[in-house]
Each structure stands twice: as C-alpha cells, then as structure tokens.
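First up is the structure itself, then whatever we jot down about it.
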Amino acid sequence: MSHPATPRVTRPRTVLAMSGETRAAILAPEALDRLARVADLDPRLLVTDFGTDDPAQRTGLHQAEVLFTGWGCPPLDPAALSAMPRLRAVVHAAGSVKHHITQDVWDRGITVSTAATANALPVAEYTVAAILFANKSILESARVYRAARSRVNLLERFPGVGNYRRTVGIVGASRIGRRVIELLRPYDLRVLVHDPYLDETDARTLGVERTELDTLAAESDVVTIHAPELPATQHLFDAPRLALMRDGATLINTARGSLVDTEALVKEAATGRLNAVLDHTEPEVLPADSPLYDLPNVLLTPHIAGSQGGELHRLADAAVDELERYAHGLPFAHAVDPRTLHQQA
C-alpha cells in the first residue's frame, strides 16, 4: 500500500527588501527569530536598492530564492530581476503589490503572496466603527452637547438617530468590503453593494442587495468606499453623484482619495447637507487651508485606518506563515493572481 509522499521541508534562501523604517516597524524580534527558523536568512541584510554596489547585498540577491518584501521595496524590473537569477517567490508583508511587482515578475513565473487579507482587518474595523457612529450622529450630538453644557432633548434634536434598519451602501466587494459585510451581520441593517464583478449568486451568499451605484448613493444613510484606484474609478463620487445622496447621509472613504472629487465634496459638506469620514483624500495630505479640516460635519484622520502600531505585527505573522508554507512545499494561501490584479487596490 503506497502512502502520499511527505513534502520536503527546506529553508529557502531569503532576503529582506523594504525600507529600514518598515523593517523596524513590522519585524519585531520575535518575528525575526521565527523568520530565521523558517528561512535561510541573514536578518542584518536589508536591501533597499536592487542596483546596490554593496558586495554582501549583491551576493545575497544572487543567491535569493525568496524576497521578503514590505513598504519601500523598489520595483522588480528587468534590471532588478537580472541580479536575482534564482528568485522563485516574493512574500509581501503588506497589502498592495502594485508598487513593486511588474509584468516581468509574472513573465518569469515567479509566485507572489501578499498580506493584504491581514491588512484588510483593521480597515474594516475602522469602517464599521465609523458606520455605527455615523448612524448615531456622534459628531453632531457631541457638538450640540459641548455647546449646551446641559441636558439635550434627544427626541427633539435627533429624532431619526440610530442603527436599526438603516441602509448602508458598500462600494466594492473587495477584501475590505467583504470583511465589512461580515462584521455588520450582527446588526439590523440593510446592506447594499455595488461592484461590477459581483453577481447575484455571490450577493445572495454574502446576504446583501446588489444594486447600481446611483441607486446605492440615493438610498443609503451611509456610503463607504472600498473600490480600487483605476482610471474608471477616478472621481467615482463626483458632484452629480454626491448630489444624489440623502440629506444627512455620511460618506466614508478608506480607499484612495482619488475616488472622491474633493472640490465637490467640500461644496456639499460646507452646506451641512452631507457628513464625511475621510481617512484618504486627494491630495493625500490636504493643504493647510482646506475647509475639510474645520467643517464640524467632517472627520479627517491621517491615513490611520490600515495596519498601524501593534497591528503591523499581524502582517509579519501572516507573511511568515506564507513563507513557512513555501518551505513545506505547499502553495501560498494568499497568492496574488495576475489575472485579477487589475481589479484590486
């Protein structure tokens, strides 16, 4: 009787490629120790430039079977890849790989993994908190209470407040969008979703209503954006679409700033008709004189929704998990599919 062959366990030669700041933030001593157990790696060797003249770095790249990358990794273009003839895999300890993975990587048959699923978790948590707070009119009620400094007649001032049977519109059934849907399940909410790649069967499985974008904008009490940055999504929420939103509705953007027309949003928000929670803007850092900093119905946060602080260690753990799978001859659990990469952030 034959038995399945046991996968051969290796310690693939691995090189770190990211900024020094990223390594310090993501790779805690415990993660580095685990990484060194899984892979043949010199934790002191860090490549920030694939065109380096440093002999140790050039030797490391020449021998590398796996690149363990993070924010600040340079593009893997033909010149970079020529320095890594043995490269077989890239394990990215962050989200999007579009900044450094080129077509040349796919042409060489190199497999790529990303920690985007792990990075989606804190963004979804931020979003759900923003949705629940928005429907409770937290910004406005806090402002009213601060001004009154006495008892507030809530039934008079906020007769429609609350999350019961409110409508939430999710733009993009992405990793983050799907995690938001999952986290919203315990609440009594109607959830609308717009995504050109979402079919009716998938929508039923998710327990949401698939709808056109203009319908979603017009019927939602809160609209949250989780679509990728593409030419087709540039200013997805422009002046006409913002005008469709209900009076008192809230727009949440934790995706790219370019998906919202900033000038149009300023005009709408300045009237007090719409509220906004913005973790991404266009430009990414608004000019100091932008009205969005001071409007009482707008909450601006400094790109904090994604993994920060202790959450960064989740990214390292997820990436090391992938490298361990590779070392055991198993396929990546979170491999990037080049055929669908254009649909992703």
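What's counted below: heavy atoms across the whole structure, side chains too, no hydrogens, waters or symmetry copies.
- Closest approach of L121 and R314 over heavy atoms only: CD1-NE, 3.7 Å.
- Panel note: side chain D279, backbone H303; a donor-acceptor pair is recorded below 3.5 Å.
- Panel note: side chain T14, backbone L41; no donor-acceptor pair is recorded below 3.5 Å.
- The local environment of CZ in F332 is crowded, with over 12 non-hydrogen atoms from other residues, nucleotides or ligands closer than 6.0 Å.
- A donor and an acceptor atom, one from each side chain of S307 and N119, are located under 3.5 Å apart.
- Panel note: side chain R11, backbone A39; a donor-acceptor pair is recorded below 3.5 Å.
- Judged purely by distance below 3.5 Å, without hydrogens or angles, the side chains of T301 and Y126 pair a donor atom with an acceptor atom.
- Listed for the E229 side chain is no donor-acceptor partner under 3.5 Å among the backbone atoms of S258.
- Although no hydrogens or angles enter the test, the distance criterion places a donor-acceptor pair under 3.5 Å between the side chain of D221 and the main chain of T167.
- Between K267 and T271, every side-chain heavy-atom pair lies at or beyond the 4.5 Å cut-off.
- Atom CD of E263 and atom CD of E268 lie 12.5 Å apart (nearest 0.5 Å).
- The line from CG of D49 to CG of L61 is 9.5 Å long, rounded to the nearest 0.5 Å.
- Note: the hydrophobic cluster containing I131 does not contain V223 (ILVMFWY, side chain heavy atoms under 4.5 Å, direct or indirect links).
- Remark: E200 CD is packed, more than 12 non-hydrogen atoms of other residues, nucleotides or ligands lying under 6.0 Å away.
- V285 and V298 fall within a single hydrophobic cluster, where Ile, Leu, Val, Met, Phe, Trp and Tyr side chains are chained together by heavy-atom contacts under 4.5 Å.
- At a threshold of 4.0 Å, the pair D188-R165 does not count as salt-bridged, since none of the basic side-chain nitrogens sits closer than that to a carboxylate oxygen.
- Residue V66 comes nearest to P12 through the heavy atom pair CG2-CB, 4.0 Å, listed as atom of the first residue, atom of the second, then distance.
- Tracing side-chain contacts under 4.5 Å through hydrophobic residues (I, L, V, M, F, W, Y), one never reaches L265 starting from L299; they form parts of separate clusters.
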Report the C-alpha separation of L67 and V47 in whole Å, then their side-chain angles, then the decisive distance to 0.1 Å, and conclude whether the side-chain contact (heavy atoms from CB on, under 4.5 Å) test is met. CA-CA 10 Å; L67 273 186; V47 177; over 6 Å; no
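- Looking at every heavy atom in both residues, R256 comes nearest to H99 through NH2-NE2, 4.4 Å.
- Environment of OH in Y293: crowded, with over 12 heavy atoms of neighbouring residues, nucleotides or ligands closer than 6.0 Å.
- Cluster annotation: V277 and L286 are assigned to distinct hydrophobic clusters (Ile/Leu/Val/Met/Phe/Trp/Tyr, side-chain heavy-atom contacts under 4.5 Å, transitive).
- Atom CG of L46 and atom CG of L16 lie 6.0 Å apart (nearest 0.5 Å).
- By the 4.5 Å heavy-atom criterion applied to side chains, L198 and V193 are counted as neighbours.
- Within the 4.5 Å cutoff, side-chain heavy atoms of F237 are placed close to those of L213.
- Judged purely by atom type and a 3.5 angstrom limit, N163 has no side-chain atom pairing as donor or acceptor with the backbone of K136.
- In this structure a side-chain-to-backbone donor-acceptor pair under 3.5 Å is missing from S290 to P287.
- Residues F158 and L274 are members of separate hydrophobic clusters, defined by side-chain heavy-atom contacts under 4.5 angstrom among Ile, Leu, Val, Met, Phe, Trp and Tyr.
- Of the possible polar contacts, none joining the R108 side chain to the V105 backbone as a donor-acceptor pair under 3.5 Å is found.
- Side-chain contact between L76 and I110: absent, with no pair of heavy atoms (C-beta onward) separated by less than 4.5 Å.
- Salt-bridge annotation for E182 and R178: absent, with no side-chain N of the basic residue lying under 4.0 Å from a carboxylate O of the acidic one.
- D321 has a carboxylate O that lies under 4.0 Å from a charged side-chain N of R34, or vice versa, which qualifies the two as a salt bridge.
- Within a 6.0 Å sphere centred on CZ of R157, other residues, nucleotides and ligands contribute 12 heavy atoms or fewer.
- Atoms CG and CG, on L216 and L244 in that order, are 10.5 Å from each other to the nearest 0.5 Å.
- Across H334 and T117, no two heavy atoms sit closer than the pair ND1-OG1, 3.6 Å.
- Between F68 and A316 the shortest heavy-atom distance is CZ-O, 4.5 Å.
- Using a 4.5 Å heavy-atom threshold, the side chains of E219 and R190 count as touching.
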Can H62 and R58 be said to form a side-chain contact (heavy atoms from CB on, under 4.5 Å), step by step? CA-CA 6 Å; H62 186 80; R58 291 189 68 82; over 6 Å; no
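- Heavy-atom minimum distance, A64 versus V15: CB-CG2, 3.8 Å.
- Using modelled atom types, no side-chain atom of T111 and backbone atom of A89 make a donor-acceptor pair closer than 3.5 Å.
- For the atom pair CG of L132 and OG1 of T127, the computed distance is 10.5 Å after rounding to the nearest 0.5 Å.
- Between H92 and H100, the ring planes are tilted. Angles from 30° to 60° get that label.
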I101 vs V336, side-chain contact (heavy atoms from CB on, under 4.5 Å): CA-CA, chis, key distance, verdict: CA-CA 10 Å; I101 298 300; V336 177; over 6 Å; no
Candidate pair R37 and D33, rule side-chain contact (heavy atoms from CB on, under 4.5 Å), full reasoning: CA-CA 6 Å; R37 290 194 300 271; D33 288 346; 3.9 Å; yes
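- R325 places a side-chain N or O within 3.5 Å of a backbone atom of P331 that can act as its donor or acceptor partner.
- Within the model, atoms CZ of R210 and OG1 of T201 stand 9.5 Å from one another, a figure rounded to the nearest 0.5 Å.
- Heavy atoms from other residues, nucleotides or ligands lying under 6.0 Å from CD of Q308 number more than 12.
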